[in-house]
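Below is one structure, written out as structure tokens; comments come after it.
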Amino acid sequence: MADQGAAFQEQVEEAFLASQATVDLNTFFVITSAIFVLIMQAGFCMLTAGSVRARNARGIILKNLMDACVAAIMYFLTGWGVAGLLVGDANSFIGTSQYTLNGLDASALYNWFFQYAFAAAACTIVSGALAERASFVAYLLYSVYIIGFVYPVVTHWIWSPSGWASAFRSELADGTYKSLLFGSGAIDFAGSGAVHMVGGVAACAGAALLGPRLGRYDANGKPIPIPGHNVALAVLGTFLLWVGWYGFNPGSALGIVNGFSTTVARVCVTTTLAGASGGLMTLFTHVLIQYKVSGNVTWDVMVAANGALAGLVSITAPCATVTPYAAIIIGIIGAWVYLGGSYLNSHILKIDDPVDAIAVHGWAGMWGVLAAGLFSTEAYVAEVYGTVPGTEDGVRKYGGFYGGGGSLFAAQIVYMLSVVAWVGGMMGIFFGILKFAGILRVTPEVEAAGCDASHYGGSAYHGVGGEAGIVMPTAKAMGKGDASSTDGEELEKLR
Amino acid sequence: MADPATAFQEQVEEAFLASQATVDLNTFFVITSAIFVLIMQAGFCMLTAGSVRARNARGIILKNLMDACVAAIMYFLTGWGVAGLLVGDANSFIGTSQYTLNGLDASALYNWFFQYAFAAAACTIVSGALAERATFVAYLLYSVYIIGFVYPVVTHWIWSPSGWASAFRSELADGTYKSLLFGSGAIDFAGSGAVHMVGGVAACAGAALLGPRLGRYDANGKPIPIPGHNVALAVLGTFLLWVGWYGFNPGSALGIVNGFSTTVARVCVTTTLAGASGGLMTLFTHVLIQYKVSGNVTWDVMVAANGALAGLVSVTAPCATITPYAAIIIGIIGAWVYLGGSYLNSHILRIDDPVDAIAVHGWAGMWGVLAAGLFSTEAYVAEVYGTVPGTEDGVRKYGGFYGGGGSLFAAQIVYMLSVVAWVGGMMGIFFAILKFAGILRVTPEVEAAGCDASHYGGSAYHGVGGEAGIVMPTAKAMGKGDASSTDG
Amino acid sequence: MADQGAAFQEQVEEAFLASQATVDLNTFFVITSAIFVLIMQAGFCMLTAGSVRARNARGIILKNLMDACVAAIMYFLTGWGVAGLLVGDANSFIGTSQYTLNGLDASALYNWFFQYAFAAAACTIVSGALAERASFVAYLLYSVYIIGFVYPVVTHWIWSPSGWASAFRSELADGTYKSLLFGSGAIDFAGSGAVHMVGGVAACAGAALLGPRLGRYDANGKPIPIPGHNVALAVLGTFLLWVGWYGFNPGSALGIVNGFSTTVARVCVTTTLAGASGGLMTLFTHVLIQYKVSGNVTWDVMVAANGALAGLVSITAPCATVTPYAAIIIGIIGAWVYLGGSYLNSHILKIDDPVDAIAVHGWAGMWGVLAAGLFSTEAYVAEVYGTVPGTEDGVRKYGGFYGGGGSLFAAQIVYMLSVVAWVGGMMGIFFGILKFAGILRVTPEVEAAGCDASHYGGSAYHGVGGEAGIVMPTAKAMGKGDASSTDGEELEKLR
């Protein structure tokens, strides 16, 4: 009788998992996650706006708004096709079908929405690094290019069943399976590499080719801080990003019914702990360094905010396959990687990054990819990725620190270097061409006056002061209005 | 062997859909959607606050906060009853039962919460259009009136099984069905008409009767731009609205288990594409016009933000019944409708709308309602609305562009015009009475000084400058303090 | 045949509720709720930042960001163990196992994430009350202490099956049950007491021991208003808190599948109505009082915002067990409790609370706990709490106003007083020690200049004016830089 009951229970569970209701509910989960991820657009916008000077706020806000728009159109036109995330028989490098969602099953459409949110995030990461000097047209072209082509290629590598670095290789027509990279495939659960490193490396290429802002380095090449104009907005953005991360990381399970909830819950916990330890460790380390160097102790919220984000970036690849303890360690090391990367960028490489996006997303993203190769436990890798199909034992490779050998770590390194090479190369060429064409950067006059006055319809803060008389007079001197409404042309005539 | 297994599978699925768990899960979906919609309250507040001058920010923020409160109380007391969304035997014009939720089944209570979020959104649309000159008392009375009566009547028409324009007419006691408008009923999936047009038309009536702000038009009647004081807040608001739209549109499926997920996913996609194309097309069109007129090229984020919102408004009615391609086209046309409407309002009709709410929600809302009559495909209309009950073939009318004939489009036009007439009439009379009573608008002295100093407890930005010395001296000259705490 | 169908239906439903899918879906619900609760972190940060003067914004923003971080680490290390929310055999006062999540079942891990979000909220309530004068180190120590120890003890009392005040006492080894407090146990569904009163009472202890800000009282002891610098941020915070409350209150059902949806929907409705009536009634009452006193009519949004929050706090304990009508009444009385409490604090007790946190969370929280003892209906208490286990009739005590007798109300009073005594005592001693050690408050010089210039790396609004020339000159006079980036130390050297 008990056996009968158990058998019936099993049959019902099986039937439920095969039902439309399960599809509906997993769709619900993924869509809800996507909405949380889209909160990150508001977050990036506020973080970046608050981190630049008031005279450039309006332009950077426009760029953030527009790349959410461009991302939608381009990810519809080409991005989804290039990514080929649901296509098992594409080549290993790039997807070649389902452009404009042609041939995508209606019941799988929700995946586009989730991936759109990721594409928009990857794109927006760069806006801050190019802030205060890149032209709007250059930024728009960049958005089109990265979302339509560069970014989805990387996601194809790692998340498509056809991708060369993917841990999800699919069955071939003859019943065999493509082999996994180093017998393992790389682990990048939610995109430390595919999203954050892509953004970070692109930011590095762009910022390096743009050159530093006027006044960023003194005659001896020492960096002079250029603080942002609104810490409240910047930290609001940080909080919104943090919230959005709970769509980003747990949502990457791409479903909840079917026993995924254990994984999803663990991802929430590891994400939280890594972000928290990243924030705390960055703040304390910064204070310590500062004290050693100057004898001062000041608690800098912008450093802490970037540290929390670096912790979150670091955990994005390994979030599903590590323990809570490991998450804390990953966050702590992420904090140091961020501080080191930031110093390296600003003091050694002399790349000017107004929001430290390269250090937060690029350097910490690299660390996240590596960390997945070190800290992933055997049990969690098996839980999340299942057995290796087409092999005899099906045993997954796991983290080196847990005795899993070097295969996974090797796969992570190859994947990481490939992302650096691909994005660095493709974006370096692209920004190089824009620079050569003379449309990458605004003129020094415009930059000195702030871009808003002449390019973006006037100050973001009309009628509430300004920056020591710089913005408005210069704007007038250049014969441009500062009106912001659709009536701008009217004002011109009145003058 | 396969057959018994399939039969068992079917039986289990059927049993599941009839279970309490399905009710629970659909409730979960609708409540989650409602919470996202409520993020729009923060969005409207930030958008409006950033779009006015600093001297009026505090008052407009209060209005936004208060209409979230008034919406809750009024939609509880009368709104839900007037809307009668779950009542099949009410008359075609207005709901007449379930006031204060009396007689509403506990398992259907979640619907109130979702509809409350919509009511609050419809109400808040208007705040920006009346900004910088309407009195607080007038605005409060407006909130009570529109949420308690004017808005829910429209939702009754279109979303109640009793409503005359509804595509969901219910069975009568004798087993027959009421006939649908033009054999079709109007399609307004998430409320381009019922929410956005209601807000936009009410905004138009209010702004027209209020008259323009001091200094909005020069001696020749040419509009002079009055830029808002904080673009960062305004675009934060835009983003929060955009996020909220993903509760608004997909949530209007009112459930997810039962195969609705395909519809919900499509709605997410069409909503995204229309908003995006609206934003891009508005920006580029604006730059082009500006370049033709003045030779300048400036990229204006406020125009782009309003354009994205116009795209979102446009797709709100047709979001469930169109293809992604059509969504892009609807967003693009929505962009032009917005720009044209904005020009019409400010230059021809000379209605002063500080946030362009009339163009974004009113004009683009109209376009959205019409678009549903043109672009809705046969398959999607059938998927979302099912067959027409009580008819022989049950075939639904669909969009004119897809060969569906003119019935649906006719229904959309009649519905659209009815909303304009009803809201325009009811709100016109209402605002006129307030105007006649002399409580609609603040005095010119108060307006010139900014309303915050004298009416709202001082500047929103105490101690951080001010506007070229205007706010504080005037406030002092009027003998009012600028203290903000309860110790004032 | 119909009977057979009904029997099959029942069997399937039973099987579904016993399935992993139900666990998955309840996890999904709780995690989604937790994410909404975490939006409150952004809300508290904006509310507090907007409510202080510009010269102290940067410091308070850091405190808000850091307690989200500290909460994660401390609730992981000790908090969850002390709370012992899933442990039935702990003692009645404090949990004693599952530290660092040891021994917590993976399928229950999602509970930690939800409870972390609550812990962070409880902690952050206090930041505003101590604003503009508490030192950063003191605040950090406070965060560690309250999240690691003081707050989880209270949640153990009320929400653990072992807690002395809990309405969920569990079965003992011998099959009997521990008796409920007054045969009832206290009702605190989402934490008017366990979260808001804890925050409010701790705020009171801290603010009282800190003493008022410079200039808060004139020579005659009359309070002088010190308005915040940004109402837009403050009300943004209020809206974000309101949204977060829809994770806080409905999420406390801790599940949705299993017929909980009726309760969850009711909680959404009562929460909405209490917040709304609180906001409206506070505004109108304030205007009326003001008119009586001074003849002026000014509509103050900060008062209304605090009133809405007070309404929301008031309904947090009784939200699941009261009717919509009762919710409106509870909100209205909450409005008056808030206004009275605020007057009492500022005029009689002369406790300086920059954001009125003590009145909003402390006083209205007390009212919420009491209201649950008065307004809870028989049917809803039975629906939410079930029958009393181990008793003959199993009938639950309910609200005094509905003829339920005084047992529940008595339990509420005892619970409420215990929270006041525990938190007041533990935090009073703690803040007393910090004061004695001289690390509780910044120096008068720093306070007069604003803490940001000297302690937090400069103004939150670099380059966009300042406060009547106060911030910058003083900062310079003190020989401190106002740079905000990691290059701060570099600037020092340059000077």
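- You'll find the side chain of C:F36 reaches within 4.5 Å of the side chain of B:T32, heavy atoms only.
- Taking each heavy atom of C:G259 and B:D24 in turn, the nearest pair found is N-OD2, 2.5 Å.
- How far OH of C:Y325 is from OG1 of B:T100: 3.5 Å, rounded to the nearest 0.5 Å.
- Counting heavy-atom pairs closer than 4.5 Å to chain B, the top-ranked of the candidates C:I39, C:L17, C:T238, C:L25 is C:L25.
- If you take CD on C:Q9 and CZ on B:F16, they are separated by 10.5 Å, rounding to the nearest 0.5 Å.
- Note on C:L273, C:I289, C:N306: by heavy-atom pairs under 4.5 Å with chain B, the leading option is C:L273.
- Interface residue C:I328: only side-chain heavy atoms are found under 4.5 Å from chain B.
- When side chains are defined from C-beta on, C:V235 counts as touching B:C45, because their heavy atoms get closer than 4.5 Å.
- Between C:L280 and B:V70, the shortest heavy-atom distance links the atoms CD2-CG2, 3.8 Å.
- For the residue pair B:I61 and C:A232, the shortest heavy atom distance occurs at CD1-CA, 3.5 Å.
- No side-chain heavy atom of B:Q20 sits less than 4.5 Å from a side-chain heavy atom of C:N258.
- In plain terms, the two heavy atoms of C:G275 and B:C69 that are nearest each other are O-SG, 4.3 Å.
- Note that CG of B:L240 and CG of C:L240 are 7.0 Å apart. Values are rounded to the nearest 0.5 Å.
- B:V30 does not touch chain C: none of its heavy atoms, backbone or side chain, sits under 4.5 Å away.
- Between C:L283 and B:F136 there is a side-chain heavy-atom pair separated by less than 4.5 Å.
- Residue B:A18 touches chain C through both its backbone and its side chain, counting heavy-atom pairs closer than 4.5 Å.
- Counting heavy atoms from C-beta on, the side chains of B:Y110 and C:S261 never come closer than 4.5 Å.
- Nearest heavy-atom pair, B:S454 versus C:T298, reported as atom, atom and distance to 0.1 Å: O-CG2, 3.5 Å.
- Looking only at side-chain heavy atoms (C-beta outward), B:T27 and C:V264 stay at 4.5 Å or farther from each other.
- For a residue to count as touching a neighbouring chain, one of its non-hydrogen atoms must lie under 4.5 Å from one of that chain's; by this rule B:L233 touches chain C with the side chain only.
- Heavy atoms of C:A15 lying under 4.5 Å from chain B are absent altogether.
- Looking only at heavy-atom pairs under 4.5 Å with chain B, the residue among C:G311, C:S294, C:A276 that has the most is C:A276.
- Proximity to chain C is absent for every atom of B:Y75, based on heavy atoms less than 4.5 angstrom apart.
- Interface remark: of the candidates C:V12, C:T263, C:T272, C:T272 forms the most heavy-atom pairs closer than 4.5 Å to chain B.
- In terms of heavy atoms, B:L109 sits closest to C:R266 at CD2-CA, 3.6 Å.
- Within the 4.5 Å cutoff, side-chain heavy atoms of C:W299 are placed close to those of B:V137.
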| task | Would you sort out whether C:F260 and B:F28 count as a side chain to side chain contact (heavy atoms under 4.5 Å, CB included), showing the intermediate values? | result | CA-CA 10 Å; C:F260 293 154; B:F28 174 23; over 6 Å; no
